[in-house]
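Structure first, commentary second.
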Number of protein chains: 2
Amino acid sequence: MPPNIQTGFRALADPTRRDILHLLAGGEQTIAGLTTHFDMTRAAVKKHLNVLSDGGLVTTRTQGRERLNALDPNGLEPLRDWIGFFEQFWDEKLSNLKSAIESKD
Amino acid sequence: MPPNIQTGFRALADPTRRDILHLLAGGEQTIAGLTTHFDMTRAAVKKHLNVLSDGGLVTTRTQGRERLNALDPNGLEPLRDWIGFFEQFWDEKLSNLKSAIESKD
DNA sequence: TTGAAGTGATACCAAAAGGTACCCCATAAA
DNA sequence: TTTATGGGGTACCTTTTGGTATCACTTCAA
């Protein structure tokens, strides 16, 4: 499944997955390591990592018998850009407010 | 349900709802008006609007017998900020690359 | 006042999602 | 060679989600 806007936003829709991203922001971690932070089984965490991987938000590398999961910030960029499109509207709102104030005299 | 990060990202996880936001970016619309753009019933669109409303992304006002749905960009801001936290990592990556190149001599 | 247009709400259905329990494989350490 | 650790995969279960059908209420117009 290629990473795209859909798989990306879907990955962010779950609180556990957002927590995982914050944990990985502190450095690479194994599944076992991540699992200690949650009240669920390793298999469940692994499923979340698969979703994050589909969304292009996490990458994995093998080191010995360990699999180190790392944050992939590149996958977040298009999501922020998608939201960014709408910034013009809150800016617009601000400028409307501004001109409303300025024309008050 | 108060708008928060969870309800916000959940609202963005569905392609129909993201399309609705783009449609509303062009101006207020009734449910009937929005429904013409999708291959589903008015009731389904209404459900999506409820989710968007829970996420604080859409507001509604009544005008006669019509209910006009409008984009609420304020709800998007905290979501963009949440993603924004991770920008330091892709910036970091860039600066790592930069220093790697600079130390190449 | 009769009817059509615009909406809200909900019972119901099928599919997707979150989670567990197991099973099996590889690797590191005793 | 055992044995414990780290991991992948999947059948299975329950809840959530996306969607439809249907009923009831309001408003505008003929």
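Numbers restart at 1 for each chain; the letters A, B, ... are given by sequence-line order, proteins then strands.
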[X] [atom1] - [N] [atom2] separation (whole Å):
{"X": "B/Phe9", "N": "C/dA17", "atom1": "CZ", "atom2": "P", "result": "18 Å"}
{"X": "B/Arg18", "N": "D/dG18", "atom1": "CZ", "atom2": "C1'", "result": "14 Å"}
{"X": "B/Leu68", "N": "C/dG8", "atom1": "CG", "atom2": "P", "result": "11 Å"}
{"X": "A/Arg67", "N": "C/dC25", "atom1": "CZ", "atom2": "C1'", "result": "14 Å"}
{"X": "B/Asp14", "N": "C/dA15", "atom1": "CG", "atom2": "P", "result": "17 Å"}
{"X": "B/Gln29", "N": "C/dG6", "atom1": "CD", "atom2": "C1'", "result": "14 Å"}
{"X": "A/Ile31", "N": "C/dT20", "atom1": "CD1", "atom2": "C1'", "result": "16 Å"}

Can a donor-acceptor pair be found, under 3.5 Å and without considering hydrogens, that links the side chain of B/Gln6 to the backbone of A/Ala13?
yes
Is the ring pair B/Phe86/B/Phe89 parallel, tilted or perpendicular, if the boundaries are 30 and 60 degrees?
tilted
List the atom pairs, with distances to 0.1 Å, where a side-chain N or O of residues 76-83 of chain A and a protein N or O form a donor-acceptor pair under 3.5 Å, not counting sequence neighbours.
unit_1  : atom_1 : unit_2  : atom_2 : d
A/Arg80 : NH1    : B/Glu87 : OE1    : 3.3
A/Arg80 : NH1    : B/Glu87 : OE2    : 2.5

From the set C/dA17, D/dG8, D/dG18, return the single nucleotide nearest to any side-chain atom of B/Arg10.
D/dG18
Under 3.5 Å donor-acceptor pairs involving side-chain atoms of residues 44-58 of chain B, not counting sequence neighbours:
unit_1  : atom_1 : unit_2  : atom_2 : d
B/Lys46 : NZ     : B/Asn50 : OD1    : 3.2
B/His48 : ND1    : B/Arg17 : NH1    : 3.1

Decide yes or no for B/Glu28 and B/Gln63: does some side-chain heavy atom of the first lie under 4.5 Å from some side-chain heavy atom of the second?
no
Check step by step if side-chain hydrogen bond (donor to acceptor under 3.5 Å, both in side chains) holds for A/Thr16 and A/Asp19.
CA-CA 5 Å; A/Thr16 299; A/Asp19 287 346; 5.7 Å; no
Go through residues 32-66 of chain B and report each residue with a non-hydrogen atom lying under 4.0 Å from DNA chain D, sorted by number.
B/Met40, B/Thr41, B/Ala43, B/Ala44, B/Lys47, B/His48, B/Gly64, B/Arg65
